[in-house]
Every structure is written in structure tokens, then in C-alpha cells.
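Numbers restart at 1 for each chain; the letters A, B, ... are given by sequence-line order, proteins then strands. These numbers come from a predicted model, not from an experiment.
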Number of protein chains: 2
Amino acid sequence: MSGETWSPPAILIAVDLVILTLRSSELHVLLVERGTEPYRGQHALPGGFLNTADEDIVDAALRELREEANLDLSRLHLEQLGAYGGPDRDPRGRVISIAYLAIAPELPEPVAGTDAARALWTPAADPLSRTTRLAFDHDQILADGIERARTKLERTSLATAFCPEPFTLSDLQQVYEAVWGVRLDQGNFYRKVRGVPGFVLPAGEVRRPTKGRPARLYKAGPRTTLHPPVVRPTLP
Amino acid sequence: MSGETWSPPAILIAVDLVILTLRSSELHVLLVERGTEPYRGQHALPGGFLNTADEDIVDAALRELREEANLDLSRLHLEQLGAYGGPDRDPRGRVISIAYLAIAPELPEPVAGTDAARALWTPAADPLSRTTRLAFDHDQILADGIERARTKLERTSLATAFCPEPFTLSDLQQVYEAVWGVRLDQGNFYRKVRGVPGFVLPAGEVRRPTKGRPARLYKAGPRTTLHPPVVRPTLP
DNA sequence: CACCCTTCCTGTCTAGTTGACAAGAAGATA
DNA sequence: TATCTTCTTGTCAACTAGACAGGAAGGGTG
């Protein structure tokens with residue numbers, strides 16, 4: 001970093017959020033319908049501009065989430081995806097956006113706030129096969145967010161963040177299957193998960209309202225990094 | 001992203017670079033000695049501010065590298081590490097820095113440029129055990145860059161980017177050992193690398209100026225993602 | 001030319017892990 | 001009781017990683 005002082009170029013800083021959750025065993029992402037130009041009426045990731053020069057970036061992200069979808073995710077961990085700053089990504093001028101990823105268990109239906117006309121959960125089907133395009137470069141940001149979540153499932157206990165506690169190992173398996181888009185063998189999954197020390201801890205036992213044998217309940221263990229990792233099946 | 005228009009907060013955008021290379025089988029990072037306040041005289045990562053509102057961020061990174069160390073890395077891939085934007089990271093005001101990682105084979109000795117008093121290669125020993133602290137939050141950025149390089153060695157052909165072509169498999173092994181900070185069994189390493197399709201391709205055969213049996217030469221193969229991955233020994 | 005030294009390369013053995021699949025356990029329901 | 005569903009455990013073959021030995025291919029030295 002050089003030490004000159006001169007009149008700064010006019011660059012706006014924005015934040016964008018990729019909020020993922022599981023709804024009826026499918027991966028969903030939170031989108032808003034834009035209420036203002038540009039891209040009015042199109043879907044976009046929730047986000048907005050930094051208010052003041054000394055506002056923390058994560059705080060700005062949480063604030064925008066409150067304003068646009070009436071959601072409070074201040075307890076959740078926001079993981080930074082990176083900065084998206086192509087010179088032409090916003091027709092209004094130079095905007096550099098810093099994107100964050102968050103994983104949430106069951107969430108209330110979002111309500112539209114001030115800036116956005118509508119907020120809604122949409123299936124996060126493989127971004128390449130999406131029919132509708134998102135505003136700005138948000139298709140790219142969403143794809144990066146999903147890919148980040150996929151790789152983080154392997155080496156971190158992120159999957160438990162999708163599950164309201166207590167959860168069964170079948171619940172946990174559904175998370176992996178939904179995010180990775182694959183089917184896993186139940187027996188092998190049990191062996192693997194229970195063989196990772198500190199991944200999950202037993203709780204009581206409760207029968208689920210479904211049919212079949214009752215499932216044991218677990219809660220998230222103390223470990224955040226998994227050894228050995230839970231690797232996804234190799235594709236090529 | 002919301003659509004308001006108002007006077008933008010005064011925020012400066014900077015770029016910082018983590019340039020890693022191997023020198024005499026040890027991992028080194030390019031640092032500059034700052035020639036201006038703040039942190040004058042202290043070591044820092046090369047980098048600087050965006051010149052104009054429409055300058056591409058990667059272009060700015062390469063330009064700063066030319067200015068500060070007379071290095072041209074325009075052929076190299078710059079991977080973004082993320083944005084570092086804590087409100088108090090720079091005493092001059094609000095600065096958000098976007099950090100990039102680059103891997104380079106043998107490079108010429110850098111020469112100090114305009115902004116920096118001196119540019120030099122320093123051993124990138126484990127950042128925690130460093131004796132000198134870098135300026136700003138560059139210790140954190142450097143640590144993140146090294147960690148990113150470590151994980152990328154497992155699943156990408158990044159290691160070949162450290163090696164001038166053609167290289168021997170011993171050269172390649174030294175890359176893994178230096179970046180990971182571990183010793184690997186030579187025989188097992190051979191078996192592993194040659195078992196990954198498209199990782200390395202044979203070239204001619206040349207005896208190295210050292211003693212011992214001549215080594216076969218290879219060049220980087222077409223694959224950038226490795227299947228199966230080259231996993232590092234598990235620590236815990 | 002023996003002989004040793006160094007480094008490269010290949011082979012073998014064991015222990016552990018993965019994937020496929022079967023079978024038992026524990027409830028609900030007819 | 002029989003049957004259905006789902007959870008849980010067990011088994012077996014195929015594969016992989018780590019440890020290690022030993023041969024191959026040069027150079028150096030008497």
C-alpha cells in the first residue's frame with residue numbers, strides 16, 4: 001500500500017448476501033425483487049451500500065438484511081466470499097461489492113422491507129440451469145456461494161448449521177444430499193459421521209411424527225473442523 | 001443492493017499482493033520496506049491505491065507491483081484472497097483493501113521503485129513465529145495467503161506453477177514440502193503424482209548438475225484440478 | 001576397473017478406509 | 001400377528017496410504 005494522499009476516486013462500496021437454507025429437503029437461497037432502478041423488478045441477492053465511511057462491513061450486511069427482508073441473522077456467522085468489482089458491473093458507476101455467505105436453519109418467511117419490493121426463498125438449483133437471470137453479477141456470486149458451501153461441508157461442521165437442534169443423522173444426511181446434489185448410502189454415512197470425533201453429540205431419543213423406527217437425536221459437537229473430512233463422491 | 005443515490009462516503013480502495021515463490025527450497029514472500037508514513041520503514045506487502053474510479057482491480061495490482069518492485073507478473077494468475085476492511089485498519093481513514101495471491105517460479109531479484117524504499121524476498125516462515133510484524137493487517141493477509149496456497153496444493157495443479165519447466169518430480173516434491181512444512185516419502189509421492197491423470201507429462205531426460213542418478217523431466221499437464229487430490233498428512 | 005556414494009525409481013507388505021449391500025431392531029398400522 | 005417403514009449395525013471386497021526395502025543409474029576415488 002502506498003502512502004500518497006490525493007482526492008479519492010468516487011467508488012461505492014456495497015455488500016451482498018448469499019443466505020442458504022433447507023426447505024423441504026431442498027437448498028434454497030434468499031432473493032429480493034428489486035424495487036428501484038437499475039434492474040427494477042428483477043431478482044437479486046439482498047444487499048446494499050455502506051452508509052457511512054466508518055460503518056463495519058458485516059454490520060452493513062446485517063442492516064441491509066433487516067431493511068430488505070426483516071430478518072435478524074446477527075447470531076449467524078457470515079463468511080466472506082470475496083470482492084466483486086469489475087468496472088462495468090453497475091450502470092450507476094463504479095461499485096465494488098463485498099459478498100458474504102451465511103447458512104441458516106429453518107427461517108421465518110421473509111417480509112419485504114423498504115428497499116426491496118419483495119423478499120422470497122427460491123430453490124438454489126444449479127445456477128447454470130436457472131431460467132431467470134439475477135441482477136448485476138449476482139448469478140456469479142450465488143454460484144460462488146454454493147460452491148463454497150459445498151466444499152465447506154467436507155472439512156467443517158457447517159452441515160449442523162442447517163439443522164435445528166436436536167437433529168437426527170438422517171436430517172444431517174439430507175443436508176449433505178441437498179447441498180451436494182447426490183444420494184448417499186445411509187449406513188456408510190452413519191459410520192462416517194460417528195467416526196469423526198466431536199462432530200455430533202448424542203441427546204435424548206424422540207420418535208419423529210413419521211413412520212418407522214424412532215431415530216436417535218444429536219446436537220452439534222464442539223469441533224468446527226472435521227478430521228477425517230467427510231468427502232463427497234468424486235465426479236470425474 | 002439497494003438503489004439509492006446519495007453522496008458517497010469517503011472510502012479508499014487499495015490492493016495488496018501476496019507473491020509466493022521458492023528460493024533454495026524454502027517458501028519466500030515478496031515484501032517492501034515502506035518509504036512513506038504510516039508505518040514508514042516497516043515491512044509490508046506490496047500494494048497501493050486504485051488510481052481512478054474505472055481502473056480494474058487486477059490491473060491496479062500489477063501496476064503497483066511494477067512501481068514498487070519492478071516486477072511484471074502480468075502472465076501470472078492472480079487469485080483473490082478477499083477484502084480486508086476493518087474500520088480501523090489504516091490510520092489515514094477508511095481503507096478497504098482487496099488482497100490477491102500469486103505463485104511464481106524463480107524470479108529476478110526485485111528492485112525498489114518509487115513508493116517503496118526497498119523490495120525483498122523474505123522467508124515466509126510460519127507467520128505466527130515471525131519476529132517482525134508487518135504494517136497494517138498484513139500479517140493476517142499473509143497468513144491467509146499461505147493457508148490458501150496450502151489447501152490449493154491438494155486439489156489443483158498449483159504446485160507446478162512454482163517450478164520452472166521442465167522440472168523433476170523431486171522439484172515438485174520440494175514444493176509440497178516447503179509449502180506444507182512437512183517431509184514426504186519420495187516413493188509414495190512418485191506413485192501418487194503419476195497416478196493423477198493429466199497432472200504432469202513426461203519431457204526429455206537430463207541429468208542435473210548434482211550427484212546421483214539422473215532424474216526424468218516433466219512439464220505441467222493439462223489438468224488444473226486434481227483427481228484424486230494430493231492430500232497432506234493429517235496433523236491432529 | 002572395483003567400490004562407494006548419492007539420488008532416482010519401483011515393488012511389496014500391512015493397516016486402514018470406502019462403497020455396496022444385507023440383515024437386524026424398533027416402532028406404527030392393519 | 002403380520003407387515004410396513006425407517007433407523008442402525010454388520011460384513012465383505014476393492015481400494016489407498018504409509019512404511020520400507022532394494023534395485024537402477026549416474027559420478028567420484030583409489
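Across every non-hydrogen atom of B:Gly195 and B:Pro197, the tightest pair is O-CD, 3.4 Å. Nearest heavy-atom pair, A:Phe136 versus A:Arg89, reported as atom, atom and distance to 0.1 Å: CD2-O, 3.5 Å.
Atom OH of B:Tyr218 is separated from atom C1' of C:dC8 by 10 Å (rounded to the nearest Å). Protein atom CZ of A:Arg232 is 14 Å distant from nucleotide atom P of C:dG19, rounded to whole Å. In this structure, A:Phe189 atom CZ and D:dC7 atom P are separated by 12 Å, rounded to whole Å. Going from atom CD of B:Gln173 over to atom C1' of D:dG18 covers 14 Å, rounded to whole Å. Rounded to whole Å, the distance from CG on A:Asn188 to P on D:dC15 is 16 Å. Between the P atom of D:dA17 and the CD atom of B:Glu154 lies a distance of 12 Å, rounded to the nearest Å. The OH atom of B:Tyr190 sits 18 Å away from the P atom of D:dA17 (whole-angstrom rounding). Counting to the nearest Å, the C1' atom of D:dT6 and the CG atom of A:Leu169 are 13 Å from each other.
Nearest nucleotide to the side chain of B:Arg191, out of D:dG27, C:dG19, D:dA17: D:dA17.
Remark: side-chain polar atoms of A:Asp185 are paired, donor with acceptor, to backbone N or O of A:Asn188 under 3.5 angstrom.
When heavy atoms are screened at a 4.0 angstrom cut-off, B:Gly187 is found touching base atoms of the nucleic acid.
Between B:Tyr176 and B:Phe189, the ring centre distance stays below 6.0 Å.
Positionally, the nearest nucleotide of DNA chain D for A:Arg194 lies more toward the 5' end than for the other of B:Glu205 and A:Arg194.
Dashed line: the shortest gap from a side-chain N or O of B:Arg216 to OP1 or OP2 of C:dC8 is not under 4.0 Å.
Evaluation of atom-type donor-acceptor distances gives no pair under 3.5 Å for the side chain of B:Asp185 against the base of D:dA17.
Salt bridge annotation for A:Glu205-A:Arg213: absent, with no cationic side-chain nitrogen under 4.0 angstrom from a carboxylate oxygen.
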Test B:Arg232 against B:Glu147 for salt bridge (Lys or Arg N to Asp or Glu O under 4.0 Å), laying out the working first. CA-CA 13 Å; B:Arg232 56 178 144 171; B:Glu147 182 52 35; 3.2 Å; yes
Which atoms of nucleotides 5-7 of chain C (N or O only) lie under 3.5 Å from a protein N or O atom, and what are those distances?
| from | atom 1 | to | atom 2 | distance (Å) |
| --- | --- | --- | --- | --- |
| C:dT7 | O2 | B:Arg213 | N | 3.1 |

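A:Asp144 and A:Tyr84 form a side-chain donor-acceptor contact under 3.5 Å, judged by distance and modelled atom types alone.
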